[in-house]
Visitor: 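Handing you this structure, nothing more for now.
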There are 2 protein chains.
Amino acid sequence: MPTSALPYRPHNHDACVAQALAEARDICQQHHARLTPTRERVLELIWQSHKPLGAYDVLAVLAEDGHNAAPPTVYRALDFLQQHGLVHRISSLNAFIGCTHAGKSHNGMFLICRSCGNVLELTAPGVASAVTKAAAQESFRPDDVTIEVAGYCPRCSAEAAHDG
Amino acid sequence: MPTSALPYRPHNHDACVAQALAEARDICQQHHARLTPTRERVLELIWQSHKPLGAYDVLAVLAEDGHNAAPPTVYRALDFLQQHGLVHRISSLNAFIGCTHAGKSHNGMFLICRSCGNVLELTAPGVASAVTKAAAQESFRPDDVTIEVAGYCPRCSAEAAHDG
DNA sequence: CTGCTAATGTTATAATGTTGCAAATTTCGC
DNA sequence: GCGAAATTTGCAACATTATAACATTAGCAG
Ligand SMILES: [Zn+2]
Ligand SMILES: [Zn+2]
Ligand SMILES: [Zn+2]
Ligand SMILES: [Zn+2]
């Protein structure tokens, strides 16, 4: 059994990216939505690691690509990707991360490591139901739930424990 | 029994503000922290309603006051108020709201009405424990938990139900 | 091809938040 | 009280994040 979730341990990340892109193509086809080259490239960049990436970071890489892009290009692509459930915006960081549950209906909960910056997206049914229940007690009708947990991932906790 | 939580129904809001300010003075005294006039005024402005207020909105009112303030004035006051648990930042809105549980240790959960803009802060022990448990399952050490629920408050849901 | 729609390019601007340093105020030991 | 030290504020410039408005191009149906 793995002692750590994927983002925190070495792995063939190219496979992560390849799978994400393949699923994205699939999902867009199902949605009759066009995963244009710009959109696909932005998705690929967002997936370049398990750390969230800012819109202007994406923009900078596009510029390196030789793509003559301005902020709206990136924001539009990110809007599209969010709409189709391919990326999430982490509002406590003003940054974006690839969705690891694309296609499935889910309420993400994000564990954000303050030390290494990696983000793990969980589907936490217990949390979702607790939130729904708490909202219901106030007769509140939830529409969109944001759960972002900043803290320390297992790897960074361990390193901090036996450092100098 | 009240059919709605405080923010959603008419009430003597001046009393809310007065109580919040009184508690703030108390808490700051306990913390040996100085609730200076600027800080107190900013807190009062944040409490002007149960809707979150942006930093630049605060700044604009300070300007009307004749206070010659620049952004750092506001952000510093807000940092101070957050540090002492008197206001919360709602990161999905880039805005600030007065804490309704100041002094007590709590994990806020915010119900944000998309229609009227009011925000209700709850202490939801069930949610907090579910989050802690989910994090523990990933050996993640939580430090700060953000839970923001956008949706429709009872009042606005009711109005939408019998509108034209 | 033609005409429609979705997508992108382009420029400018808005909104939000920070850095760095100097001046003023408050605190506190004496 | 008095002066050094620390906290708080004023101020100017700047950095980052996001959007508005309008022109242009690419994709597609008939
Ligand atoms: Zn990976
Ligand atoms: Zn997701
Ligand atoms: Zn009130
Ligand atoms: Zn609170």
Side-chain angles (χ1 to χ4, degrees), chain A residues 24-25 28-46 51-84 86-97 117 146 148, chain B residues 24-25 28-46 51-84 86-97 117 146 148:
Chain A
R25 281 186 281 261
C28 286
Q29 204 157 35
Q30 285 169 31
H31 291 195
H32 303 295
R34 292 169 49 205
L35 189 60
T36 62
T38 303
R39 290 166 175 174
E40 184 167 340
R41 177 65 174 140
V42 169
L43 180 58
E44 185 184 11
L45 290 174
I46 293 293
K51 305 179 210 278
L53 207 59
Y56 279 76
D57 297 328
V58 172
L59 187 59
V61 182
L62 288 182
E64 285 174 19
D65 281 3
H67 188 308
N68 193 357
T73 302
V74 173
Y75 282 101
R76 288 194 283 228
L78 289 170
D79 284 350
F80 172 90
L81 295 170
Q82 279 182 92
Q83 246 144 32
H84 295 280
L86 301 172
V87 309
H88 293 289
R89 190 185 130 95
I90 307 292
S91 58
S92 60
L93 300 175
N94 294 335
F96 299 82
I97 190 145
T146 299
E148 298 174 13
Chain B
R25 281 184 281 261
C28 286
Q29 203 157 38
Q30 285 170 30
H31 292 195
H32 303 295
R34 293 168 48 206
L35 189 61
T36 62
T38 302
R39 289 165 176 174
E40 184 168 340
R41 178 66 175 139
V42 170
L43 180 60
E44 186 184 10
L45 292 174
I46 292 294
K51 306 180 210 278
L53 206 60
Y56 278 74
D57 296 328
V58 172
L59 187 59
V61 181
L62 288 182
E64 284 174 19
D65 281 4
H67 188 307
N68 194 357
T73 302
V74 173
Y75 282 102
R76 287 192 286 227
L78 289 170
D79 284 349
F80 173 90
L81 295 170
Q82 280 183 91
Q83 244 143 32
H84 294 282
L86 301 171
V87 308
H88 293 288
R89 192 185 128 97
I90 307 291
S91 57
S92 60
L93 300 175
N94 294 336
F96 301 82
I97 190 148
T146 299
E148 297 173 15

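Residue numbers start from 1 in every chain, and the chains themselves are labelled A, B, ... in the order their sequence lines are given, proteins ahead of strands. Since the model is a prediction, treat every value here as computed from it, not as a measurement.
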Visitor: Does B/Phe80 reach the side chain of B/Leu35, with side-chain heavy atoms less than 4.5 Å apart?
Guide: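 They are in side-chain contact.
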Visitor: Has B/Arg39 got a side-chain atom pairing as donor or acceptor with B/Arg34's backbone, closer than 3.5 angstrom?
Guide: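 A pair under 3.5 Å: yes.
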Visitor: Let me confirm one number: the OG1-CG distance from B/Thr73 to B/Leu59, rounded to the nearest 0.5 Å.
Guide: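 Separation between the atoms: 7.5 Å.
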Visitor: Mind calculating the distance between CG (B/Leu53) and C1' (C/dG17) to the nearest angstrom?
Guide: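 Taking CG of B/Leu53 and C1' of C/dG17, I get 16 Å after rounding.
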Visitor: Could you give the distance from CD (A/Glu148) to OG (A/Ser91), rounded to the nearest 0.5 Å?
Guide: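 One gets 4.0 Å once the value is rounded to the nearest 0.5 Å.
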Visitor: Return the value, rounded to whole Å, for the distance between atom CZ of B/Arg34 and atom P of C/dT25.
Guide: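 That distance rounds to 12 Å.
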Visitor: Please give, in whole Å, the distance from C/dT26 C1' to B/His32 NE2?
Guide: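 These atoms are roughly 16 Å apart.
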Visitor: Hey, does A/Cys28 have a side-chain heavy atom less than 4.5 Å from the side chain of A/Leu86?
Guide: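 The answer is yes; the side chains approach within 4.5 Å.
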Visitor: Using whole Å, what does the distance between atom C1' of nucleotide D/dT7 and atom CG of B/Leu35 come to?
Guide: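 It is 15 Å, rounded to the nearest whole Å.
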Visitor: Between N or O atoms, less than 3.5 Å apart, protein on one side and nucleotides 9-17 of chain D on the other: list the pairs.
Guide:
| from | atom 1 | to | atom 2 | distance (Å) |
| --- | --- | --- | --- | --- |
| D/dT9 | OP1 | B/Thr36 | OG1 | 2.6 |
| D/dG10 | N7 | B/Arg76 | NH2 | 2.8 |
| D/dG10 | O6 | B/Arg76 | NH1 | 3.2 |
| D/dC11 | OP2 | B/Asn68 | ND2 | 2.9 |

Visitor: Measure CG/A/Leu78 against P/D/dT19 and give the value in whole Å, please.
Guide: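 After rounding, the gap between these two atoms is 11 Å.
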Visitor: Specify the separation, in whole Å, of atom CG of B/Leu59 and atom P of C/dG17.
Guide: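 Computing the B/Leu59:CG to C/dG17:P distance gives 12 Å.
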Visitor: In whole angstrom, what separates A/Leu62's CG from C/dT8's C1'?
Guide: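 Between C1' of C/dT8 and CG of A/Leu62: 13 Å.
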Visitor: Do B/Val61 and B/Asp57 have side chains that approach each other closer than 4.5 Å (heavy atoms only, starting at C-beta)?
Guide: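 Sidechains of B/Asp57 and B/Val61: no contact.
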